[in-house]
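The chain is numbered in sequence order, starting from 1. Counting convention: from 1, in listed order, for ligands and their atoms alike. Note that this is a predicted model, so its numbers are computed, not measured.
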Amino acid sequence: MTDWTDIAPCRGMDGFTVNEDEWQHGDDLMDLCEPQLPTCGPCPFRAECIALIKPAQAKFDGIAGGRLWCNGEVITALDDVDVEELAEPKLRASCGTEAGAGDHKRHGERPCPSCRQAAREMTARRNERKAKEPKQLQIDFATTT
Ligand code: SF4
Ligand SMILES: [Zn+2]
């Protein structure tokens, strides 16, 4: 099956992102990237592009989905962009963390070995902490009336 990234108009083109040491301000990004923006004009994959790059959450700098982004904010866009293209799936937590294990579960996957280990360690640490806590006095109200 052909992946849409193989047939996107920007395939093989440079200048959609720039190295961090090549720019400082939004103006620099405009100079470096804006000339490539019209490439997104006929692209039928703008929504897919944004869903893949997640520019807002990833604080992306460069061109994605017919917009030029600076630190995750749109600084210029093609005239015909549509807000519906902006939906970003939530970034997943990195593997090897308890949050990563939770994300595997939310996606109906079996947590990967490093996430399983992280979850085990967190549970062990929590149990250890609980064992050290002073036992709370339990008062059974039902029997004191
Ligand atoms: S919308 Fe994304 S995939 Fe399409 S041309 Fe622009 S940068 Fe490439
Ligand atoms: Zn994982």
| task | Begin with the C-alpha distance, continue with both residues' side-chain angles, and end with the deciding distance and a verdict on side chain to side chain contact (heavy atoms under 4.5 Å, CB included) for Val18 and Asp61. | result | CA-CA 8 Å; Val18 280; Asp61 307 307; 5.7 Å; no

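- Within 6.0 Å of atom CD in Gln57, more than 12 heavy atoms from other residues, nucleotides or ligands are found, so the atom counts as buried in its surroundings.
- Under the side chain to side chain contact (heavy atoms under 4.5 Å, CB included) test applied with Lys132, the options Glu128, Arg129, Lys130 reduce to a single match, Glu128.
- Salt bridge status for Glu88 with Lys54: absent, with no side-chain N to carboxylate O gap under 4.0 Å.
- Between the side chain of Arg126 and the backbone N or O of Ala124 there is no donor-acceptor pair closer than 3.5 Å.
- Atom CD of Glu84 has 12 or fewer heavy atoms from other residues, nucleotides or ligands within 6.0 Å.
- Around the Zn ion (ligand 2), the protein atoms of type N, O or S found under 2.8 Å away are Cys95 SG, His104 NE2, Cys112 SG, Cys115 SG, listed by chain and number.
- For the atom pair Asp103 CG and Lys90 NZ, the distance stands at 7.5 Å (nearest 0.5 Å).
- Salt-bridge formation is not detected for the pair Glu98/Arg120: no Lys NZ or Arg NE/NH1/NH2 atom is positioned less than 4.0 Å from an Asp or Glu carboxylate oxygen.
- Within the protein, the number of N/O/S atoms found under 2.8 Å from atom 2 (Fe) of ligand 1 is 1.
- Applying the 4.0 Å criterion to heavy atoms of Trp4 picks out, from ligand 1, the atoms 3 (S).
- Although no hydrogens or angles enter the test, the distance criterion places a donor-acceptor pair under 3.5 Å between the side chain of Arg46 and the main chain of Gly41.
- Checked for salt-bridge contact, Arg67 and Glu85 meet the test: a charged N lies under 4.0 Å from a carboxylate O.
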